[in-house]
Amino acid sequence: MDRVWAEDRLSLIDKKLRTVIERNKGAIPAIAINGHYDNRADMTRTWNADDGLCWWTNGFWGGIMNQMYAFSGFDGYLEEEKTSEELLDGCLPSLFKGLHHDTGFMWLPLSVARYMIDGNEKSEDRGLLAATLLLGRYNPNGYLRAWNDNPETGVNTRGWSIIDSMMNISILYWASTELDDPRFAMVAEKHADTTMRNAVREDGSVRHITEYDAETGKYLREYGGQGYAEGSAWTRGQAWGIYGFANSFCHTGREDFLATSEKIASFFMNHMKEDGHIPADFLQPEEPHIEDSTAAAIASCGFIELYKHTNKEEYLETAMKMLKALDKDRSDYSPDTDNILQKCTGSYHGTKDREIGFVYADYYYIEALLKLAGKAIEIW
Ligand code: GLY
């Protein structure tokens, strides 16, 4: 039943995307305003400010191409994906200062997925280089440093680690298997362990930014980051936590990672509203009501994974509730517009990235549907 429904949605998306690609050939979209994608391909910046070639979401357009190829086998997807990979070579390695811990987000859906499709060696190399860059961000006190210092603000971020990295570490697990070299997976597991102990609160909610003493590894404090405030529960962060710890369980077999994913999932379910739509932060004030469809799409993937590992129906039901709500109220399958999902929010306090379209929201929506259809390229 869910499978038929998902296949039906994917057919609509396949039809839409063939036109959307024609309109955006050679572009690397990140956001959509009023149904029109932007293009990050020709924006070179030397550090990861709000835009540029090294922007953390720039692998998701190619990622959509790979996943949709797995669904329909349309060659146009692979052509477009190749362009994306070649464009992102501009970040490797000439823009070192522009890169960050998000090399997993950038090259897993892109090069690693492509390598899984056709064994392309250039794609494999890109994935391994991206994993090595991430490995280089490891602080031996047990965490991956998120960002380089921002020359514009001068803030010292040596000790900063963020929940989002729980997804990036999947490229480390992959590299270990690929190279038959435990170093990468050992770092991934250590980072997951440190994150589990410091970023996940007693009640199952998750901090966005955790700061450690870079010399000793002592936990110092949290920052609200993209959420409403310190102590709040940024929903995309909760989603990264559910999905990320479920994935780490899958790669390591560690039951405490699975239990952590379930703990965050329980907090998430207890704070969800009946309509299945997800706010930007579960602890945000009533007004203004800011929604984030990316959190719903990513969490759906995480809940489907949890269902797979535990067989608990409530997880599948929760994923279906969110996906059906997105489909009914927040999606646009018309070929006349570029993005699918609406009401995506980058950060609670952001002004330019509130309730718009995001390429990665569409990516995770598609990935969730493909999981239901049994056709996803499993990259995380
Ligand atoms: N990785 C940043 C975010 O989720 O917005």
Side-chain angles (χ1 to χ4, degrees), residues 29-32 38 40 47-52 54-61 63 91 98-110 130 133-134 137 143-148 150 157 160-171 191 195 199 205-210 222-228 232-245 247 264 268 278-282 284 290-302 339 341 343-365 367-368 379-380:
I31 64 169
D38 67 345
R40 309 285 164 123
W47 105 277
N48 65 326
D50 286 344
D51 45 33
C54 299
W55 182 234
W56 74 276
T57 70
N58 284 356
F60 286 107
W61 173 245
C91 299
L99 281 171
H100 34 67
H101 69 133
D102 287 324
T103 56
F105 277 129
M106 291 173 76
W107 279 279
L108 259 179
L110 190 67
L133 282 169
L134 183 57
R137 303 191 71 81
Y143 68 91
L144 288 157
R145 176 177 176 175
W147 301 301
N148 298 332
N150 177 346
T157 58
W160 286 24
S161 173
I162 68 174
I163 188 65
D164 323 32
S165 266
M166 283 303 300
M167 297 297 290
N168 284 317
I169 60 174
S170 287
I171 202 165
H191 176 83
T195 306
S205 65
V206 170
R207 307 184 160 108
H208 184 197
I209 301 174
T210 41
E222 71 170 285
Y223 297 93
Q226 285 156 251
Y228 170 60
S232 73
W234 176 50
T235 52
R236 196 159 62 255
Q238 318 306 300
W240 294 139
I242 295 166
Y243 200 8
F245 280 106
N247 293 331
I264 306 168
F268 197 100
I278 305 300
D281 193 309
F282 280 130
Q284 70 189 28
I290 305 170
E291 210 173 288
D292 183 20
S293 298
T294 68
I298 297 158
S300 297
C301 291
N339 57 310
L341 292 188
K343 291 202 179 235
C344 307
T345 297
S347 63
Y348 179 86
H349 294 287
T351 47
K352 288 184 291 183
D353 58 356
R354 258 191 196 177
E355 299 197 337
I356 58 175
F358 283 153
V359 71
Y360 65 99
D362 292 356
Y363 173 86
Y364 284 103
Y365 183 53
E367 192 184 282
I379 54 172
W380 307 104

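In listed order, ligands and their atoms are each counted from 1.
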Are the side chain of Ser347 and the backbone of Gln226 linked by a donor-acceptor contact shorter than 3.5 Å?
no

Hey, does the side chain of Arg207 reach the backbone of Ala233 with a donor-acceptor pair shorter than 3.5 angstrom?
no

Please tabulate, line by line, the atom pairs linking an N/O of ligand 1 to a protein N/O at a distance below 3.5 Å, with the distance in Å to 0.1, or answer 'none'.
residue, atom, partner, partner atom, Å
ligand 1, 1 (N), Asp164, OD2, 2.7
ligand 1, 4 (O), Asp164, OD2, 3.2
ligand 1, 4 (O), Arg236, NE, 2.9
ligand 1, 4 (O), Arg236, NH2, 3.4
ligand 1, 4 (O), Trp240, NE1, 3.0
ligand 1, 5 (O), Gln226, NE2, 2.7
ligand 1, 5 (O), Arg236, NE, 3.4
ligand 1, 5 (O), Arg236, NH2, 2.5

Please identify each residue that fulfils side-chain hydrogen bond (donor to acceptor under 3.5 Å, both in side chains) with Asp362, with sequence neighbours left out.
Tyr37

Across all chains, not counting sequence neighbours, the side-chain hydrogen bond (donor to acceptor under 3.5 Å, both in side chains) partners of Asp281 are Ser232

Tyr348 six-ring centre to Arg354 NZ/CZ under 6.0 Å and within 45° of normal
yes

For Arg145, all residues meeting salt bridge (Lys or Arg N to Asp or Glu O under 4.0 Å), sequence neighbours excluded
Asp149

